[in-house]
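First up is the structure itself, then whatever we jot down about it.
Within every chain, numbering begins at 1; the chains are lettered A, B, ... in the order of the sequence lines, protein sequences first and strands thereafter.
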There are 2 protein chains.
Amino acid sequence: MTYCCGMLLRDGLVMLADTRTNAGLDNVSVFRKLRVFGKPGERVMGLASSGNLSVSQSVVSTLNEGIKNPETGEMENLLNAPTMFQAAQLIGRAIRQVHISEGRAPEAADPGFNVSFLFGGEIAGDRLRLFMIYPEGNSIECTVDTPYLQIGEHKYGKPVLDRAITYSIDLYTALKIGLISVDSTMRSNLGVGMPLDVLVVRRGAFDADLDYRIGPSEPYFRDLRESWSRALRAAQAAIPVPTYKTLLGRKLAPAILTDIDPEEAFAEAAPPSPQQAAGMPSVKSN
Amino acid sequence: MTYCCGMLLRDGLVMLADTRTNAGLDNVSVFRKLRVFGKPGERVMGLASSGNLSVSQSVVSTLNEGIKNPETGEMENLLNAPTMFQAAQLIGRAIRQVHISEGRAPEAADPGFNVSFLFGGEIAGDRLRLFMIYPEGNSIECTVDTPYLQIGEHKYGKPVLDRAITYSIDLYTALKIGLISVDSTMRSNLGVGMPLDVLVVRRGAFDADLDYRIGPSEPYFRDLRESWSRALRAAQAAIPVPTYKTLLGRKLAPAILTDIDPEEAFAEAAPPSPQQAAGMPSVKSN
């Protein structure tokens with residue numbers, strides 16, 4: 001399993017990736033999933049991968065060797081792609097080339113050939129962009145409405161992003177929220193683990209603002225995990241317990257296993273009565 | 001989609017279920033998924049279902065009609081089962097009976113036949129128990145180490161349970177945390193929706209302490225959702241932004257798309273230097 005997240009913000013780009021790979025629970029390793037590359041002053045790019053490690057490494061090796069353009073004969077790679085979109089398309093072509101070299105049909109839903117990429121960055125003359133590239137080689141692009149994309153185990157860490165990430169937040173606040181998102185994921189899925197690789201790119205800088213590996217004993221992240229746990233406990237404790245009162249003396253019908261009776265269903269559709277709103281026991285018979 | 005959660009605690013049992021069913025995004029309905037039944041003073045049970053609605057309704061109808069015991073000839077149902085374990089086994093038999101009546105093999109991984117149940121409650125003479133029953137009819141039982149079970153869309157709402165639910169917490173605090181868990185799930189998955197059905201059973205009461213439907217405009221739950229959002233924003237804002245300093249002047253190698261170099265990997269495995277711990281820029285060349 002894997003968790004990678006990319007955020008496209010007003011001030012720039014933030015990418016995070018864990019490093020745990022596993023072939024079963026009994027074969028766990030550390031592999032870099034977030035690769036950073038570019039030419040300072042001209043382009044900077046981050047490529048994060050999830051899915052089958054053999055496939056993602058083959059795609060990266062294919063991109064490194066370059067793909068021959070059938071029309072011009074030129075070897076195309078990510079460092080000479082004229083725009084981010086054409087670079088994303090090149091990654092798609094590399095995925096399809098690996099499909100073919102492994103004798104698989106990319107159209108088929110082949111569970112062995114699962115690979116996805118987050119690809120973000122900026123090339124001089126183009127705008128800062130972030131793409132998610134699918135196993136079939138097609139892609140979607142991140143926009144301001146939902147300024148983040150995720151690949152891998154995305155569910156555990158999504159609620160905090162949904163609540164906190166907006167296009168206009170500061171880059172390092174976004175990195176902080178991303179780290180909270182990774183923390184939530186690591187707590188619930190053993191397939192996602194330390195160390196973490198992070199990339200911060202400031203719009204127009206054409207270089208990494210931060211390209212860093214967070215190790216297991218790194219003090220900021222350790223403090224963040226503890227602070228967040230403490231804050232969640234405090235937040236939860238500050239909410240009062242439900243005021244729904246005990247419906248004492250209610251007689252359980254011997255066979256209400258069947259669906260709710262229509263009368264009750266109708267009553268539930270109505271707004272709560274003043275008694276209910278005040279937390280008083282409601283007169284409920286079933 | 002569905003989200004149901006059951007918690008087995010020192011003081012009793014809490015169960016929650018949403019009510020949204022869908023056949024595609026364009027066909028959404030409300031169906032009760034948490035059914036409460038029993039004989040006051042003797043037994044109380046909650047049965048929550050997820051998966052194919054046709055299958056779960058057929059299983060419930062089969063349980064209502066009773067299943068003939070081939071040895072005694074007696075019609076067995078949940079209201080005459082001698083123990084919770086035998087009641088859980090009866091539900092498993094009902095699932096297998098529906099499999100057979102629909103001409104499907106329960107062993108086969110048949111995506112159309114996905115149904116799971118949470119089944120909790122207490123029968124006089126037996127202890128309070130909570131089971132998760134799988135599509136194959138087998139079950140697992142909840143224990144003190146992880147005092148909750150989930151079915152359906154379990155991932156979004158799991159982090160808050162992992163952090164906050166312990167065996168010894170108060171029943172209505174557990175209900176509150178369960179509602180936060182449902183809230184997180186509803187925010188991220190449109191297949192989970194209001195109203196919610198909740199059941200609270202106090203150990204040894206053999207009746208429901210609370211058997212309630214929370215409607216969309218219910219004031220406590222609306223306040224809980226707002227308070228939780230506000231508290232999460234405050235918690236996030238209270239954590240300082242990362243102190244990792246900008247690695248300015250770093251020259252990006254033209255092709256570091258390939259894996260990290262061994263020297264850097266070795267450096268990362270070591271504990272952070274005093275400079276790193278103090279948030280100073282580290283001397284990092286690649």
Side-chain angles (χ1 to χ4, degrees), chain A residues 32 35-40 60 63-64 79 155-156 158-159 162-164 172-173 175-177 180 184 187-188 195 207 209-213 215 217-220 224 227-229 231-233 235-236 238-239 241-244 246-247 250-252 254-260 268 271-272 277, chain B residues 32 35-40 44 60 63-64 78-79 155-156 158-159 162-164 172-173 175-177 180 184 187-188 195 207 209-213 215 217-220 224 227-229 231-232 235-236 238-239 241-244 246-247 251-252 254-260 268 271-272 277:
Chain A
R32 176 171 281 262
R35 295 169 172 91
V36 180
F37 50 99
K39 296 176 186 166
V60 169
L63 288 167
N64 270 331
L79 295 172
K155 290 193 176 184
Y156 295 117
K158 189 167 182 286
D162 281 336
R163 288 177 197 272
Y172 285 87
T173 303
L175 177 60
K176 176 179 78 172
I177 295 163
I180 295 171
S184 296
R187 279 178 193 269
S188 291
D207 199 350
D209 205 55
L210 177 72
D211 172 12
Y212 190 63
R213 171 161 288 194
S217 56
E218 197 279 320
Y220 171 78
L224 174 138
S227 304
W228 183 244
S229 277
L232 287 192
R233 279 195 298 273
Q236 183 265 102
I239 295 176
V241 296
T243 51
Y244 316 129
T246 301
L247 306 175
R250 185 176 58 78
K251 190 176 169 298
L252 281 162
I256 60 166
L257 240 184
T258 44
D259 271 341
I260 194 166
E268 299 297 349
Chain B
R32 176 172 280 263
R35 295 168 172 93
V36 180
F37 50 100
K39 296 175 186 167
V44 58
V60 168
L63 289 168
N64 270 330
L78 295 179
L79 296 171
K155 289 193 176 182
Y156 295 117
K158 190 166 182 286
D162 282 336
R163 287 177 198 271
Y172 285 87
T173 302
L175 176 60
K176 177 180 78 174
I177 295 162
I180 295 171
S184 296
R187 280 179 193 269
S188 291
D207 199 350
D209 205 54
L210 178 71
D211 172 13
Y212 190 64
R213 172 162 287 194
S217 57
E218 198 279 321
Y220 172 79
L224 175 138
S227 305
W228 183 244
S229 276
L232 287 191
Q236 183 264 102
I239 295 176
V241 297
T243 52
Y244 315 130
T246 302
L247 305 175
K251 193 177 168 296
L252 280 162
I256 59 166
L257 241 183
T258 44
D259 272 340
I260 194 165
E268 299 297 348

Give the member of I239(B), I180(B), D162(B) that has the highest number of heavy-atom pairs under 4.5 Å with chain A. I239(B)

With sequence neighbours left out, the residues meeting side-chain hydrogen bond (donor to acceptor under 3.5 Å, both in side chains) with S229(B) are R163(A), R187(B)

According to side chain to side chain contact (heavy atoms under 4.5 Å, CB included), who are the partners of A164(B), at least two apart in sequence or on a separate chain? Q236(A), I177(B)

Flag side-chain contact, heavy atom, 4.5 Å: Y244(B) against D211(A): no

Among A235(B), S227(B), A231(B), single out the residue with the greatest number of heavy-atom pairs under 4.5 Å to chain A. A235(B)

Is chain A contacted by the side chain of P242(B), its backbone, both, or neither, given a heavy-atom distance below 4.5 Å? both

Write down the atom of K155(B), the atom of Y156(A), and the distance for their closest heavy-atom approach. O-CD2, 3.0 Å

